[in-house]
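One structure is given here, and the rest of the page talks about it.
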Amino acid sequence: AVDEEIDSYLESLAKYLKEYPKNRLLLMGHTDNVGDNSKHTNFGKYRARKLRDVLLEYGIEKRKIKTDSKGSSNPLGSNATSEGRNQNRRVEISIIKR
């Protein structure tokens with residue numbers, strides 16, 4: 001059910017971007033703090049780029065999507081619990097209106 005919800009959301013987002021072609025997206029990847037700190041930024045970028053690739057499949061032009069990473073620097077939950085770490089592994093989507 002979660003995958004269906006995500007697919008539905010991404011499809012709606014793609015439709016929105018097609019209706020408002022001047023708008024752009026910023027996909028910001030985040031990670032938990034487990035493991036080597038030097039790899040967190042790269043993994044956050046990887047996570048954001050994977051989402052970008054899905055949006056490309058929905059017909060969004062690559063030039064309309066910027067990807068970046070905050071690594072583990074902006075946690076939502078506690079990294080001491082599995083629930084918190086799950087919250088911290090995410091991609092935040094921002095619409096940049098023009």
Side-chain angles (χ1 to χ4, degrees):
V2 172
D3 288 341
E4 289 175 17
E5 288 178 40
I6 292 170
D7 286 340
S8 177
Y9 175 79
L10 294 177
E11 186 176 357
S12 296
L13 183 59
K15 285 180 184 178
Y16 170 84
L17 288 171
K18 289 174 184 176
E19 287 179 36
Y20 299 93
K22 291 183 180 181
N23 292 347
R24 306 284 185 262
L25 290 180
L26 171 61
L27 306 178
M28 187 66 67
H30 298 269
T31 66
D32 59 31
N33 71 351
V34 175
D36 185 353
N37 275 340
S38 66
K39 295 181 181 179
H40 291 171
T41 299
N42 285 338
F43 192 70
K45 285 181 183 178
Y46 170 81
R47 184 171 273 141
R49 288 177 183 149
K50 293 302 279 183
L51 181 57
R52 178 197 61 200
D53 293 346
V54 172
L55 288 166
L56 294 176
E57 291 177 15
Y58 279 101
I60 302 305
E61 298 173 50
K62 189 174 184 177
R63 67 178 180 81
K64 291 182 145 197
I65 305 171
K66 178 178 169 38
T67 59
D68 206 345
S69 173
K70 291 208 182 242
S72 61
S73 68
N74 194 16
L76 289 179
S78 169
N79 281 301
T81 67
S82 63
E83 294 85 11
R85 288 188 297 276
N86 284 337
Q87 286 180 322
N88 297 335
R89 298 178 199 126
R90 68 192 188 280
V91 175
E92 294 179 348
I93 301 171
S94 299
I95 296 173
I96 303 165
K97 294 184 178 184
R98 295 189 178 196

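Just so you know, these numbers come straight off a predicted model, no measurement behind them. Numbers here are sequence positions counted from 1.
- Between atom NZ of residue K18 and atom CG of residue L13 there is a gap of 10.5 Å, rounded to the nearest 0.5 Å.
- In this structure, CG in N33 is found 8.5 Å from CZ in R85, a value given to the nearest 0.5 Å.
- To the nearest 0.5 Å, atom OG of residue S69 and atom OH of residue Y46 are 13.5 Å apart.
- At a threshold of 4.5 Å between non-hydrogen side-chain atoms, the residues N88 and R90 count as touching.
- Judged by distance alone, the side chain of S8 and the main-chain N or O of E4 form no donor-acceptor pair under 3.5 Å.
- Contact check for V54 versus I6: no side-chain heavy atoms found under the 4.5 Å cut-off.
- In this structure, R24 and K66 have side chains that are not in contact, with every pair of non-hydrogen atoms separated by 4.5 Å or more.
- The CD1 atom of I60 sits 6.5 Å away from atom CD1 of I65, with the distance rounded to the nearest 0.5 Å.
- With a 4.5 Å cut-off on side-chain heavy atoms, Q87 and T81 do not count as touching.
- Heavy atoms only, all atoms of each residue included: Y58 and D7 are closest at OH-O, 3.3 Å.
- Counting only distance, with no hydrogens or angles, the side chain of D68 and the backbone of G29 share no donor-acceptor pair below 3.5 Å.
- The closest side-chain heavy-atom distance from T67 to K45 is not below 4.5 Å.
- Side-chain heavy atoms closer than 4.5 Å link hydrophobic residues (I, L, V, M, F, W, Y) into clusters, and following such links, possibly through other members, connects L25 to L51.
- A donor-acceptor contact shorter than 3.5 Å is absent between the side chain of K62 and the backbone of L56.
- Within the 4.5 Å cutoff, the side chain of I95 has heavy atoms near those of the Y16 side chain.
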